[in-house]
Amino acid sequence: MTAELIDGNALAARTRADVARRVQALKARGVTPGLAVILVGEDPASQVYVRHKVKDSEEAGLNSVLERHPATLSEAELLARIEALNRDPAIHGILVQLPLPRHIDAARVIESISPAKDVDGFHVASAGALMTGQPGFWPCTPYGCMKMLDSIGYELRGKHAVVIGRSNIVGKPMAMMLLARSATVTICHSATQDLGALTRQADVVVAAVGKRNVLTADMVKPGAVIIDVGMNRNDEGKLCGDVDFETVRQVAGWITPVPGGVGPMTRAMLLVNTLEAAERS
Ligand SMILES: NC(=O)C1=CN([C@@H]2O[C@H](COP(=O)(O)OP(=O)(O)OC[C@H]3O[C@@H](n4cnc5c(N)ncnc54)[C@H](OP(=O)(O)O)[C@@H]3O)[C@@H](O)[C@H]2O)C=CC1
Ligand SMILES: Nc1nc(=O)c2c([nH]1)NC[C@@H]1CN(c3ccc(C(=O)N[C@@H](CCC(=O)O)C(=O)O)cc3)C=[N+]21
Ligand SMILES: [Mg+2]
């Protein structure tokens, strides 16, 4: 048996095309969705990511503004920039690329973004809305994972979903989204004992750790759905996920690749959130 691939590139392309159509409809009403992307410092990976985000949004017809600041930017200066963007009616979404330089308190910066413009879904108000089932922006990575599950028509109700990782931007919101669909959810982390005993019971595994080969074939129930959020480099410098893809695909029912899986969907959901921020404005 070989797992079916859940093609993130193809689903992201369809999602972007749908966003582009809705952007045209909004423009006809005189509103162009505007996204501000703030990059502080020169981290090479972050530079690649933000360039991707700006290119994606321009291709979908959004207006994106990239603000680059030196790593020496003070926290007060950054907060002042966000305050100005919060008031700018042409800007509907604000994304501050993480990680930030160590002298800046990332939590404070995120909480300074207006929840109405929090298209990353990282604000405590967004997290609270997700947890309580109220309207608000969902973090793009777990939101994209949900869209991947929907794309295969997967019924989560009553299924056991195991999320590996408990970060505020991936693991915890992922668990909340699965729970909202009436999956039974287990959240694992670095102190979890016998991870394999838990994942072997799982109908769905979401791996969001940041370490290669966290999930191997012996840890997977035959036919399970495997969503790989991890972004790592192997010894040859090639991008790879948290899942031992070649062996796990022999056991799983569905699996997302890296690259070409969750990453492109994360970027597509940022466009969806920004469009919806503009539609609500
Ligand atoms: N595809 C995409 O669009 C995105 C990909 N990523 C990638 O996803 C991965 C996770 O990101 P993020 O959530 O920010 O990472 P964090 O480093 O914030 O969190 C990692 C989590 O993994 C847990 N963990 C660490 N080691 C183990 C282990 N051996 N077994 C079980 N759990 C473990 C940690 O546990 P503890 O809490 O106990 O420390 C923590 O909860 C990274 O590779 C990142 O690059 C992230 C965002 C977007
Ligand atoms: N405020 C903020 N919001 C984020 O959403 C955010 C962030 N900061 N900091 C960094 C992480 C990481 N992240 C990725 C998104 C897409 C890909 C992606 O598109 N990956 C491609 C490959 C890209 C490549 O070739 O390098 C893929 O998996 O196919 C990767 C990583 C968003 N993040
Ligand atoms: Mg982190």
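All of these numbers come straight from a predicted model, not from anything done at the bench. In each ligand, atom 1 is the first atom listed, and ligand 1 is the first ligand listed.
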J.: What pairs of residues pass the salt bridge (charged side-chain N to carboxylate O under 4.0 Å, His left out) test when at least one of them lies in residues 217-230, not counting sequence neighbours?
T.: D203-K221
J.: If hydrogens are left out, which of M269, H52, K53 has an atom nearest to atom 32 (C) of ligand 2, that is, the closest non-hydrogen atom?
T.: K53
J.: Any nitrogen or oxygen of M231, side chain or backbone, less than 3.5 Å from one on ligand 1?
T.: yes
J.: Would you call T141 a ligand 1 contact, heavy-atom distance under 4.0 Å?
T.: yes
J.: What atoms of ligand 1 come within less than 4.0 Å of a heavy atom belonging to G263?
T.: 1 (N), 3 (O)
J.: Pick whichever of V119, D43, D120 has a heavy atom sitting closest to atom 5 (O) of ligand 2.
T.: D120
J.: Of the choices P264, P139, A268, G8, which has the non-hydrogen atom that lies closest to atom 21 (C) of ligand 2?
T.: P264
J.: Looking at ligand 2, is there an atom of it that comes within less than 4.0 Å of some heavy atom belonging to K238?
T.: no
J.: I'd like to know if E83 pairs up with R87 as an ion pair, taking the criterion as any Lys NZ or Arg NE/NH1/NH2 lying under 4.0 Å from an Asp or Glu carboxylate oxygen.
T.: yes
J.: Which atoms of ligand 1 are found less than 4.0 Å from any heavy atom of G165?
T.: 21 (C), 22 (O), 41 (O)
J.: Of all the heavy atoms in V258, does at least one lie under 4.0 Å from an atom in ligand 2?
T.: no
J.: Are any of the N/O atoms in S167 less than 3.5 Å from those in ligand 1?
T.: yes
J.: Mind jotting down which residue pairs meet the salt bridge (charged side-chain N to carboxylate O under 4.0 Å, His left out) criterion with at least one end in residues 99-113? Sequence neighbours excluded, please.
T.: E75-R108
J.: Has ligand 2 got any nitrogen or oxygen that is less than 3.5 angstrom from a nitrogen or oxygen of M231?
T.: no
J.: Is there a protein heavy atom at a distance of less than 4.0 Å from atom 11 (C) of ligand 2?
T.: no
